[in-house]
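Numbers here are sequence positions counted from 1.
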Amino acid sequence: MHEKLQPKYGLGTAVSLVVGIVVGIGIFFKTGPVLSATGGNGTYAVIAWVLAALLTTIAAVVISEIASMGSKTGGLMSFSETAWGERFGFFVGWVQTVLYIPLILSVILYYSTIFTCAFLQVEPTTPLLAGLAALYFVVFAGANLLAESLGGLLQRISTIIKLIPLLSIAVFGLFYQGDVVTASADAVASVTTVGFGAAIAAALIPVLFALDGWIYVTTIAHEIKNPQRNLPLAMVGGLAIIGIVYVTFTLGLLSVSQGPAYVNGEMGVSQVANLLFGESLGRTLSLFIVISALGGFNGLMLLGMRMPYSLAMRRNFKGSQALLSVSPKTNLPVRSGVTMLVLLAIYMTVGFVFVGTGVNKDIFDLYGDLPIAIVWIIYALLFIGVWRLRFTQPKANRLVRVPALPLFVILAICGTGYALYGFIPSHATSFLLSCVIACIGFVLYEKSTPRNN
């Protein structure tokens with residue numbers, strides 16, 4: 001007999017869950033891309049952070065309504081099924097499986113190696129980064145495939161540790177009294193002056209990457225006490241806290257060095273930490289960032305390794321039966337996990353080849369931005385879906401009912417369109433290729449049959 005989940009989280013716990021899930025490594029390496037998009041203008045960068053936080057909050061509040069409908073849990077794939085049916089839900093699961101999760105994992109793994117080199121004080125050459133990435137890959141893949149408890153251990157530790165470097169640099173950087181590091185002439189020459197509208201639009205997708213993860217909080221709508229009040233408040237309050245911390249962190253960095261220095265790579269979080277706290281304590285903060293990054297990597301890997309299994313549970317397609325295989329020893333879908341690990345290995349290999357050969361040294365930043373652009377298109381369709389369900393299922397049970405829904409939906413869609421306007425034109429080829437890969441999900445759905453569970 002299926003037992004209904006009982007509400008157990010109050011407002012305070014819900015807010016802490018929002019903060020804990022969303023805060024990750026993105027803030028530590030997106031400073032350069034954001035300032036590059038704004039032409040090195042720190043004011044524009046701060047405005048982009050504020051607007052992205054507002055857009056994310058609106059989106060989270062809107063989707064909290066669909067998350068609270070009925071008894072279905074399970075995240076983005078389930079919400080998509082509720083809004084637009086099984087075909088769209090399967091498509092979203094496919095996008096998460098072949099694009100979103102392995103690409104985001106690649107980004108986190110790559111920057112984990114960058115900060116590891118900063119901690120070890122060694123030059124981050126491509127062979128060294130590739131070797132460290134392979135080491136982390138093997139260790140975490142083994143931990144998650146062999147024993148679920150091992151995979152969860154680092155997750156609990158990193159939740160506490162990851163806030164230490166963020167808050168330290170934010171607070172001490174903001175009150176920095178030393179000489180501001182001046183960007184070199186080459187750094188200043190490397191940035192292009194950008195108009196306000198174009199600068200904010202171009203910066204939004206990189207900023208939204210650092211704010212990503214909020215969708216997972218909506219999956220616990222049924223476990224929050226008084227969700228009509230507490231879930232929207234948790235979203236607004238949690239994302240407001242994150243927005244304030246991220247803006248303060250950015251201001252702290254800009255208090256230490258000029259914007260163009262971050263664009264050109266002359267300055268970074270590790271260098272700022274060394275200036276603020278001295279070399280020894282600065283290295284310790286770099287270690288905390290590594291732990292934070294690997295904790296985020298591990299958490300997303302735990303989810304990602306189950307995504308092929310979730311697809312196979314919904315439809316019967318070629319090879320799907322094998323993906324349903326569960327190890328009797330670990331109770332884990334091993335073949336599903338291996339499938340995700342193979343995809344990750346392919347993306348990482350391509351990324352390091354491109355970086356090593358100089359074809360595209362910024363490919364891992366692109367890896368982060370592409371899935372965010374695609375998933376926000378999915379979010380936009382969900383915004384419309386929430387509005388549509390008000391008419392098609394007016395009497396459906398909703399624990400959360402968003403007031404002034406049309407206004408929120410319009411604002412969320414306009415914000416999404418603005419962010420995509422700033423991203424797609426300069427990445428048209430890679431975005432089109434990603435869309436082609438995404439649409440294979442519809443083809444696979446049509447060639448599959450429903451699975452009778």
>> Please determine whether side-chain contact (heavy atoms from CB on, under 4.5 Å) holds for the pair Val256 and Val180, giving the CA-CA distance in whole Å, both sets of side-chain angles, and the decisive distance to 0.1 Å.
In response: CA-CA 5 Å; Val256 176; Val180 176; over 6 Å; no
> Going through the checks in order, is the side chain to side chain donor-acceptor pair (under 3.5 Å) test met by Tyr110 and Asp365?
Replying inline: CA-CA 10 Å; Tyr110 175 74; Asp365 285 318; over 6 Å; no
> Between Leu99 and Leu370, is a side-chain contact (heavy atoms from CB on, under 4.5 Å) present by the stated rule, with each step listed?
Replying inline: CA-CA 9 Å; Leu99 287 172; Leu370 274 174; over 6 Å; no
>> Go through it in stages, so that I can follow the logic: the residues are Val272 and Tyr262, the test is side-chain contact (heavy atoms from CB on, under 4.5 Å), and I'd like the CA-CA distance, side-chain angles, deciding distance and then a yes or no.
In response: CA-CA 10 Å; Val272 171; Tyr262 295 102; 3.3 Å; yes
> So Phe364 and Phe354, ring pair (Phe, Tyr, Trp, His ring centres under 6.0 Å) or not? Walk me through it.
Replying inline: CA-CA 10 Å; Phe364 284 103; Phe354 274 42; 9.7 Å; no
> When you look at Ile374 and Tyr100, which way does the side-chain contact (heavy atoms from CB on, under 4.5 Å) test go after all the steps?
Replying inline: CA-CA 8 Å; Ile374 292 173; Tyr100 178 86; over 6 Å; no
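Within 6.0 Å of CZ on Phe172 lie no more than 12 heavy atoms contributed by other residues, nucleotides or ligands.
Taking the centre of each ring, Phe28 and Tyr111 stay at or above the 6.0 Å mark.
In this structure, OH on Tyr367 lies 11.0 Å from OG on Ser430, to the nearest 0.5 angstrom. Separating the SG atom in Cys117 from the CG atom in Leu129 is a distance of 5.0 Å, to the nearest 0.5 Å. For the atom pair CD1 (Ile363) and OG (Ser106), the distance works out to 9.5 Å, reported to the nearest 0.5 Å. Here CD1 of Ile108 is found 12.5 Å from OG1 of Thr113. Values are rounded to the nearest 0.5 Å. Separation of atoms CD1 (Ile25) and CG (Leu109) is listed at 10.0 Å; rounding is to 0.5 Å. Interatomic distance, CD1 of Ile215 versus OG1 of Thr56, reported as 11.0 Å (0.5 Å rounding).
Between Tyr347 and Leu105, every side-chain heavy-atom pair lies at or beyond the 4.5 Å cut-off. Put simply, the side chain of Leu294 does not reach to within 4.5 Å of the side chain of Ile291, judged on heavy atoms. Looking only at side-chain heavy atoms (C-beta outward), Leu239 and Ile242 come within less than 4.5 Å of each other. Side-chain contact between Pro206 and Asp369 is present, with at least one heavy-atom pair separated by less than 4.5 Å. Put simply, the side chain of Ser168 reaches to within 4.5 Å of the side chain of Leu285, judged on heavy atoms. Looking at Met301 and Met340, their side chains never come closer than 4.5 Å, going by heavy atoms from C-beta outward. Annotation: side chain of Leu344 is in contact with side chain of Phe297 (closest heavy-atom distance under 4.5 Å). In this structure, the side chains of Ser36 and Val191 stay at 4.5 Å or more apart for every pair of heavy atoms.
A donor-acceptor pair is defined here as one N or O able to donate and one able to accept, closer than 3.5 Å; no such pair exists between the side chain of Ser325 and the backbone of Ala322. Checking side-chain atoms of Glu81 against main-chain N and O of Phe90 turns up no donor-acceptor pair under 3.5 Å. Side chain of Ser257 to main chain of Leu254: no donor-acceptor pair is present (N/O by atom type, distance under 3.5 Å, no hydrogens or angles). In this structure a side-chain-to-backbone donor-acceptor pair under 3.5 Å is present from Asn41 to Thr43. Panel note: side chain Trp94, backbone Ile437; a donor-acceptor pair is recorded below 3.5 Å. Put simply, the side chain of Thr284 gets close to the backbone of Ser280: a donor and an acceptor are under 3.5 Å apart. Without hydrogens or angle criteria, Ser270 side chain to Ser286 main chain gives no donor-acceptor distance under 3.5 Å.
Residues Leu323 and Pro333 approach most closely at O-CB, 4.4 Å, considering heavy atoms. The shortest heavy-atom contact between Pro232 and Val400 is CG-CG1, 3.9 Å. Nearest heavy-atom pair across Val355 and Thr126 is CG1-OG1, 3.8 Å. Heavy-atom minimum distance, Ile200 versus Ala48: CD1-N, 4.1 Å. Between Val107 and Gly368 the shortest heavy-atom distance is CG2-N, 3.3 Å. For the residue pair Ile114 and Pro124, the shortest heavy atom distance occurs at CD1-CB, 4.3 Å.
Under 3.5 Å, the side chains of Tyr136 and Thr116 contain a donor-acceptor pair of N or O atoms. Using a 3.5 Å distance cut-off with no hydrogens or angles, the side chains of Gln121 and Glu279 do pair a donor with an acceptor.
Between Tyr421 and Tyr418, the ring planes are parallel. Angles under 30° get that label, and only those over 60° would be called perpendicular. Ring geometry for Trp214 versus Tyr379: interplanar angle of 30 to 60°, hence tilted.
In this structure, Lys30 forms a cation-pi arrangement with Phe209, its terminal cationic atom sitting closer than 6.0 Å to the ring centre and no more than 45° off the ring axis. Annotation: cation-pi geometry satisfied between Arg283 and Phe119 (NZ/CZ under 6.0 angstrom from ring centroid, within 45° of ring axis).
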